[in-house]
Trainee: 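This is the structure I want to talk about, given as structure tokens.
Note on naming: letters A, B, ... go to the chains in the order of the sequence lines (proteins, then strands), and numbering restarts at 1 for each one. All values reported here derive from a predicted model rather than from experimental measurement.
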There are 2 protein chains.
Amino acid sequence: MAYGIGEVAARTGLSVHALRFYEREGLFVGPIVRDPGGRRVYSDGDIGWVELCARLRETGMPLEVIRKYADLVRDGVGNEPERLALLREHQERIESQMQALSVGLSMISYKVRVYEKRLAEGTAAALWSSSTSSSGD
Amino acid sequence: MAYGIGEVAARTGLSVHALRFYEREGLFVGPIVRDPGGRRVYSDGDIGWVELCARLRETGMPLEVIRKYADLVRDGVGNEPERLALLREHQERIESQMQALSVGLSMISYKVRVYEKRLAEGTAAALWSSSTSSSGD
DNA sequence: ATAGGACTTAGAGCGGGCTCTAGCTCAAGC
DNA sequence: GCTTGAGCTAGAGCCCGCTCTAAGTCCTAT
């Protein structure tokens, strides 16, 4: 199947601007085919690649690293160990990001519970009002 | 206890530049105390707040939102429902970030397994060489 | 008393990742 | 034939979050 840039944008969630930008930046493995009028025509394979890029970006891989990966794939068979290393590094980065998120999440969840409790008691607390300070939110 | 800016930077992982920047940006609840020479003196409470800010940033909260939260805390008692709402929204954002990370992670883990397998077979595959193409890495 | 090091300010600069603009071409529909 | 809409290029612009600079102050140790 063949798709126009707008269609690809709609499917992948990237903007058409971003798609052209990614191409300029060398994130694609091969050149994107053009129709006789010079417009980009994307294949299913291209869409798959764009989706991979989107996932890599979402997980915080810098464009420069994605480009490096694309370069390796483009160079073809023989550099699999390098590609593997690159992916494994990213795997680890994602894991530590998840770790950081979960630390942050539990801190926030704790605060949420505190506020919930405070508010639940709040109506009652209006009696002896103020002085429930300290804590340091 | 009282701490200088360098000490706070060392403890929280933020740079001294970032600490001053956060202050200018209004992320602190109260003014930071100064010594007679005009230098910042941080209390344990300030450090706690900086650490909260650091966690919020790490989990992707924009400075503007942290400022809004600081504003609410500064305004004192009465706006707890707003603070709670703000925290809950962020909780949800973190949860969807974790979701995105885990989607990305499983995509990458899958690829890692593919490459590992390919490499394990690789030595053998050198026999009938090439043609193991397709896939679209 | 002098050198070093930590601190101060206001403001400029930077890197990443888009995002938008201007001016153009093309294809389809009325 | 003309409008509308999608696409094209090269390059400028923008937002965020720092990060660094310049020029100066102050404390401490030798």
Trainee: Does any donor-acceptor pair link the side chain of B:R39 with the base of D:dC26 at a separation under 3.5 Å?
Mentor: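 Answer yes: a donor N or O sits under 3.5 Å from an acceptor.
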Trainee: B:D35 CG to D:dT25 P: how many Å, rounded?
Mentor: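 Atom-to-atom, B:D35 to D:dT25, this comes out as 16 Å.
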Trainee: In terms of the nearest nucleotide of DNA chain C, which residue is placed more toward the 5' end: A:S15 or B:G38?
Mentor: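 Looking at DNA chain C, the more 5' nearest nucleotide goes with B:G38.
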Trainee: Apply side chain to side chain donor-acceptor pair (under 3.5 Å) to residues B:D46 and B:Y3 and explain how you reach the verdict.
Mentor: CA-CA 10 Å; B:D46 293 330; B:Y3 312 88; over 6 Å; no
Trainee: Whole angstrom is fine here: how far is it from CG in A:L19 over to C1' in C:dT19?
Mentor: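 So the CG-C1' distance, A:L19 to C:dT19, works out to 13 Å.
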Trainee: For A:E23 and C:dG17, what is the distance between atoms CD and P respectively, to the nearest whole Å?
Mentor: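 Computing the A:E23:CD to C:dG17:P distance gives 18 Å.
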Trainee: Without decimals, in angstroms, what is the distance between B:F21 CZ and C:dG11 C1'?
Mentor: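 Atom-to-atom, B:F21 to C:dG11, this comes out as 13 Å.
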Trainee: What's the CD-C1' distance between B:E25 and D:dC18, to the nearest Å?
Mentor: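 To the nearest whole Å, that distance equals 10 Å.
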Trainee: Check the pair B:L84 / A:L119 against side chain to side chain contact (heavy atoms under 4.5 Å, CB included), numbers first and verdict last.
Mentor: CA-CA 9 Å; B:L84 181 53; A:L119 286 171; 3.5 Å; yes
Trainee: Using whole Å, report how far CD1 of A:I32 lies from C1' of D:dG7.
Mentor: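 From A:I32 CD1 to D:dG7 C1': 15 Å.
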Trainee: Under 4.0 Å between a side-chain N/O of A:Y22 and OP1 or OP2 of C:dG17, yes or no?
Mentor: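 Answer is no, no contact under 4.0 Å.
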Trainee: Take B:H17 and A:G6, find for each the nucleotide of DNA chain D with the closest heavy atom, and name the residue whose nucleotide sits nearer the 5' end.
Mentor: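 That would be A:G6.
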Trainee: Quick one: is A:R40 getting a side-chain N or O under 4.0 Å of the D:dC8 phosphate, OP1 or OP2?
Mentor: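 Yes, A:R40 has a side-chain N/O under 4.0 Å of OP1/OP2 on D:dC8.
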Trainee: Would you say the side chains of A:Y115 and B:R83 form a donor-acceptor pair under 3.5 Å?
Mentor: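 The criterion, which ignores hydrogens and geometry beyond distance, is satisfied for B:R83 and A:Y115.
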Trainee: Which residue lies toward the 5' end of DNA chain D, A:E7 or B:G37, if each is placed at its nearest nucleotide?
Mentor: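 Upstream on the strand: A:E7.
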Trainee: With distance as the sole test, does B:E80 use its side chain to make a donor-acceptor pair with the main-chain N or O of A:R118 at under 3.5 Å?
Mentor: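 No, B:E80 side chain to A:R118 backbone: no donor-acceptor pair under 3.5 Å.
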Trainee: D:dG7 base to A:R20 side chain: any donor-acceptor pair below 3.5 Å?
Mentor: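 Counting by modelled atom types and ignoring angles, no donor-acceptor contact under 3.5 Å is found here.
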Trainee: If you assign A:E64 and B:I5 each to the DNA chain C nucleotide with the nearest heavy atom, which residue ends up on the more 5' nucleotide?
Mentor: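 Final value for this comparison: B:I5.
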Trainee: Hey, does the side chain of B:R34 come within less than 4.0 Å of C:dT9's phosphate (OP1/OP2), counting only N and O?
Mentor: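 Yes, B:R34 has a side-chain N/O under 4.0 Å of OP1/OP2 on C:dT9.
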Trainee: Would you state whether a donor and an acceptor, one from the side chain of B:R24 and one from the base of C:dG11, lie under 3.5 Å apart?
Mentor: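 Between C:dG11 and B:R24, which were checked side chain against base, a qualifying N/O pair under 3.5 Å is present.
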Trainee: For the CD atom on B:E64, are there more than 12 heavy atoms of other groups (residues, nucleotides or ligands in this structure) within a distance under 6.0 Å?
Mentor: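 No, because the 6.0 Å sphere around CD of B:E64 holds 12 heavy atoms or fewer from other groups.
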